[in-house]
Structure formats: C-alpha cells, structure tokens
Amino acid sequence: MYKYWLIAQLFWQDSLVYRASFLMWRLRSFTSTLISLSVWSAIYQHQSQVFNYSQPAMLSYIFLTAILHSLILSTSLHSLANEIYSGQISFNLLKPINFMGMLISQELADKAINIIFAIGEINLLYLIFKPSFILPPSNTILIFIFWVALGIIIHFIINLLFGTIGFWSPDSWGPKFLFFMLIEFTAGKLYPLDILPQIIQKIISKVVI
Amino acid sequence: MFQQPIIKVQNLKRHFKVYKKQPGLMGSIKSLFKRKYETVKAVDDISFEIKQGEIVGFIGQNGAGKTTTLKVLSGLLYPTAGAVSVLGFNPWDRKSKFQKQFALVMGQKNQLWWDLPAMETFLLNKAIYEVPDEQFEKTLNKLVDLLKVSEILNIQVRKLSLGQRMKCELIAALLHNPKVLFLDEPTIGLDVVMQKNLRDFIKAYNKEFKATVILTSHYMNDVKELCERAIVIDKGKLIFDGKLQDIINKYARNKILSLVFSKEVVKKDLKKFGEIKEFSQDNSSYTATILVSRKKAALVASDLLKELPIEDLNIEEPPIEAIIREVFQSGNV
C-alpha cells in the first residue's frame, strides 16, 4: 500500500508546483460559488420565497453543491487520453504496480486536495454571506453518503472511458467539456432542478435515465 | 558467462493495420465515408536468442522494427504470431516477478516526474520495485558516482539538460538492478562527450551486474563500442545476426587507403590504383584517399610504395555507417 500512498504524495507535490496556476484554479472554483451566492442573495433581497425555496434553503443548497462538486466532479484523469496517445503510459504499464490502483490513488489524492481547499473557501464564503444553514434530514444521511460514493465511482468510470479516446486522438477535451457542461446542469449544480418548468424536468429525467 | 539464453524469440511477427489517406481535401472527405487500410509488417518472422551478459546492438533504419521488437520483449505489445520468452516469462503476462527483473529506457520518452526532482521518482521506484533500503542506498550511490550526478538529484527534472535528464532516466531504470536492459536510442540528441559518458556507463553496468543489454541506436559509435554482436533488421525482417566484424567482412567490398606524398603527384598516375575519393595538392601538403578492393589492398599498397613518392600510408576499414548504409541501399542481404 505504501507505493500508492507515495503516488498520492507525489501527485500533491506535483499539483503545488505552479503557484499561479494553482491559485487561478482555486480562484475559479471560489468565484463560481461566489457568483451563485451573490445572484441568489440579490434575488432574495425583496422576497422571502422563490420557487418555493426560502433564502436559507437556497444558500444551503449552493454551499452543499459546492462541496459535492469538489468531491464528485474533480478528477486526475484529464491527461489520460494524451498519455495513451503519446505512449507515455508505457512506463506505468512496465512497472510491477497495479495500474488501476495507481489511477485510483491519484484520483483520491486529487479529490482530497480539492475538498480540503473547497472547505477552506466555503468557510470564507460563510463569513461573507453568513447564511443560516438548513441541513438535509439526518435520517437520510446514510443513503446520501451511498449516493455520493456511487457518484464518485460513476464519474471515475466515465472519465476512464473518455481517457480511452487516447487510442485514436490526443484530444478528449471537446467531448468532455460538452459532457461536463451537461452534467453540471442536469445534476443541479447551478440551481435545484425542481425550479425548472415541468416539461424541461421531464426531458432531463428522460435523457439522464 | 554467455551460457544460458535468457531471451528467446521464435518466428515473431507483429503486424499493424494502418489507414492510408488519399492526398488533399477530397481525400479527407472521402475518408469520412470509406477508408483504405494497409497491413504494415513492423516485425516479420524474426528469430534469435540472447545469452546472459551479452550486449546486442539492434541496427536498422527508421521503421525497421527495432522499437516494436523491444516493446514486444518488454510486454507492451502482443505479438501477431510467434513465441517470445524473456527470463523464462511470457512478457505479455506482465507478471510482477518478471517486471522486477528488466527495465526499458526510451531516449525519446521519460519516466521521471517532469516538475519534481529526479530523487522523487527514484524513491517512488524504490517503493514500486520493493527495493530494500540498504540495496537502494548502495545502488543509488554507485550509479550517482558512475554518472556524476550528485549535484542535480534535487533539481526539478524540467530544469535539467537533455544529458543530465538521460543520466537520471538511466538511474531510475536501474535502481532495482535489472538483469535485462532494453535501451531504445539512449544517446539520441546528446553531444559526443555525453554519448561517450553514457556508453562507458552502460559498459560498466553490464560488467558489474552481468546484465543482458539490447541496444538500438542510430549512432553506429554506440553499437561499435558496446556490442560485439549485432542484429540487423530491415523492413521487419532479420537480415543479419552475428559479430559486428562479420558485417564488415561480409559486406565491405573496399578498404580505404589514405596517402601522404612527399612531393606533387599527377592525379592520373593514381587512377590506376583505385577509385579516388579525395585528392589535394596544395603548396604544403599532397594527400589523397583511394578506395581499393579488400582482397587487393595489401598488393596495391605495396605497388604504391614502389611507384609513387609515398611519405605515409594507412589502410583502413570503411566506417561501419557506410557499410550498413550500403547494405540497406543495395538490398544486398
């Protein structure tokens, strides 16, 4: 197991090499949540209920989706297609190490660094907006954790599939970008889906299911 | 030493299906609907055996099948047909026990973590190959001394020169003391001094660890200095397997006679002795180079000494590069 722990450590070291790039990455994530919170705070300025959501419920929703976004949608597999296409993957296949184990350790390392910084940023946003939180009911917490775990696994597998594009082309960014735009929308990253018109909700549920 | 074959290749074939695009925009549009494929025989029915401790040079033009063969031997590619055994293993089973006993170094690719110091990759490889602490220290110190890289181990890889990086690549590949070493153009892009350093190192490593080395290189000096045995591949076919000297004996038709004259000579007087490659007659020096048949070289030299005012005469083999080039160009295989 030590080798996988070492891979995670190297991944963290590697992520922190370019300070400017690292800061921009975090700033992007922070700004995205900041904009959502600002827009919804502005909407609630003169009304207490919008689409059957109170302001605390909506802001709690935005905070929670920010954490889930860091946990589920972060991935270290962005460069997999290019590694396959360029043949750089060869070195990992030649070594006495489980390749999937290696990918998983990098993925977990990526999620860990994401969630650590996301929690820090959320604390900062909490100080700015000072919302009153409405947490999901505690009797569904286990099923919630189970769905989150499934989300992480499914997202990992989808990224592996995108990585296999590397057998034909080095560039998997286009289809991935389109896919993740749809994911963010259909997963309710921007707002709760039940505020949309019934017809759109039906289309989304048909397409996703 | 040199007793047990540890690499056995029998009738190895590796074919690829490649798409042949017609030229121009119309070709691109047509290819959207229908594509023509061609089978490329990267490796076509080759067989050889390599014994423990040997250093064997793979010689061939670009696309001859050298790298493909190394990739099959290291388990990266499945063969289309044929049998391969390395250290008693089927390489494509990719067993840990096998992977701990060999290393592949590719001059055009790097396994080092680009943005981190090379030492981090060494420590990771130590963990991956499960190298005991004591052995790691000992091997690392030895390799660092041999390659003189103690000053650069903690500098980011991306900031190293090509030569320094290649040295670190070799260390990363050798920390687990592999018994078999596949070197795919390890000196590519390096200056002559660095090429010499790496060659000396490979020789020393082979001697110290009794390692079997297969080397591919476009620099014939690498092959000449390191390999007693050469395998020549052309268009996927093995066309020669034997001592390097035997290639020269088999394919070199001429010898080179370098002449220095004590006084001016007339070019036409020289013509009858052989094919004149260089002729220079200026105020201070009178020199010429002629090509003569290998069989008659001694006789021609003797005649030259008798008939012309020779101050110095050298009989040389043609450069191995020229012989190999001639072999490939003439199809004389």
Side-chain angles (χ1 to χ4, degrees), chain A residues 1-25 76-110 113 164-171 174, chain B residues 19 35 67-68 70-78 86 89 91-106 108-131 133 156-159 169 172-173 175-176 178 180-182 184:
Chain A
M1 281 309 285
Y2 175 68
K3 52 182 117 172
Y4 299 105
W5 170 237
L6 209 55
I7 286 169
Q9 283 186 32
L10 286 191
F11 183 86
W12 287 325
Q13 288 187 48
D14 208 37
S15 307
L16 300 172
V17 169
Y18 298 102
R19 286 178 296 183
S21 170
F22 182 79
L23 282 174
M24 293 295 164
W25 168 51
S76 64
L77 294 174
H78 290 307
S79 56
L80 184 61
N82 195 39
E83 279 176 32
I84 292 173
Y85 191 79
S86 67
Q88 194 60 37
I89 200 172
S90 306
F91 286 110
N92 295 325
L93 296 173
L94 290 173
K95 291 177 182 174
I97 187 168
N98 183 305
F99 182 65
M100 195 55 80
M102 202 175 123
L103 291 181
I104 291 170
S105 61
Q106 288 185 346
E107 185 79 350
L108 292 178
D110 186 71
I113 200 167
T164 59
I165 289 175
F167 287 109
W168 299 275
S169 159
D171 190 10
Chain B
Y19 152 54
R35 293 188 171 194
T67 303
T68 305
L70 290 193
K71 283 184 175 173
V72 172
L73 291 179
S74 53
L76 280 175
L77 289 176
Y78 285 91
V86 179
F89 293 90
W92 47 93
D93 285 344
R94 294 180 52 233
K95 290 195 171 141
S96 281
K97 213 173 164 188
F98 166 62
Q99 290 175 321
K100 283 181 183 174
Q101 296 185 70
F102 83 95
L104 170 68
V105 176
M106 293 192 255
Q108 302 191 61
K109 292 197 173 81
N110 57 302
Q111 67 155 313
L112 300 168
W113 284 58
W114 186 248
D115 289 314
L116 300 177
M119 194 62 197
E120 300 289 353
T121 309
F122 299 164
L123 289 169
L124 178 63
N125 279 6
K126 172 186 178 287
I128 290 174
Y129 287 97
E130 292 164 359
V131 183
D133 289 347
Q156 279 176 306
V157 171
R158 70 188 162 101
K159 290 187 177 161
E169 283 289 337
L175 279 170
H176 59 289
V180 174
L181 190 54
F182 301 124
D184 189 17

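To find a chain, count down the sequence lines: A is the first, B the second, and so on, and within it residues start at 1. Heavy atoms only: backbone and side chains are in, while hydrogens, waters and symmetry mates are out.
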For the [atom1] atom of [X] and the [atom2] atom of [Y], what is their distance to the nearest 0.5 Å?
| X | Y | atom1 | atom2 | answer |
| --- | --- | --- | --- | --- |
| B:D115 | A:L10 | CG | CG | 12.0 Å |
| B:N125 | A:F91 | CG | CZ | 10.5 Å |
| B:L104 | A:K95 | CG | NZ | 11.0 Å |
| A:Y4 | B:I128 | OH | CD1 | 8.5 Å |

**Request:** Please look at B:F98 and chain A and tell me whether the side chain, the backbone, both or neither of the residue comes under 4.5 angstrom of a heavy atom of that chain.
**Result:** neither
Are there over 12 heavy-atom neighbours, none belonging to [X], within less than 6.0 Å of that residue's [atom1]?
| X | atom1 | result |
| --- | --- | --- |
| B:Y78 | OH | no |
| B:K95 | NZ | no |
| B:Y19 | OH | yes |

**Request:** Find the one option among B:E130, B:K109, B:K126, B:H176 whose heavy-atom pairs under 4.5 Å with chain A are most numerous.
**Result:** B:K109
**Asked** Is B:M106 close to A:S90 at the side-chain level, that is, under 4.5 Å between some pair of heavy atoms?
**Response** yes
**Request:** Walk me through it: do A:L6 and B:E120 pass the test side-chain contact (heavy atoms from CB on, under 4.5 Å)?
**Result:** CA-CA 9 Å; A:L6 209 55; B:E120 300 289 353; over 6 Å; no
**Request:** Name the option with the most non-hydrogen atom pairs under 4.5 Å to chain B; the candidates are A:L94, A:V17, A:N92, A:D14.
**Result:** A:L94
**Request:** Kindly say whether A:L93 contributes a backbone atom to a donor-acceptor pair with the side chain of B:Q99 at under 3.5 angstrom?
**Result:** yes
**Message:** Does any backbone or side-chain atom of A:Y18 lie under 4.5 Å from a heavy atom of chain B? Answer side chain, backbone, both or neither.
**Reply:** side chain
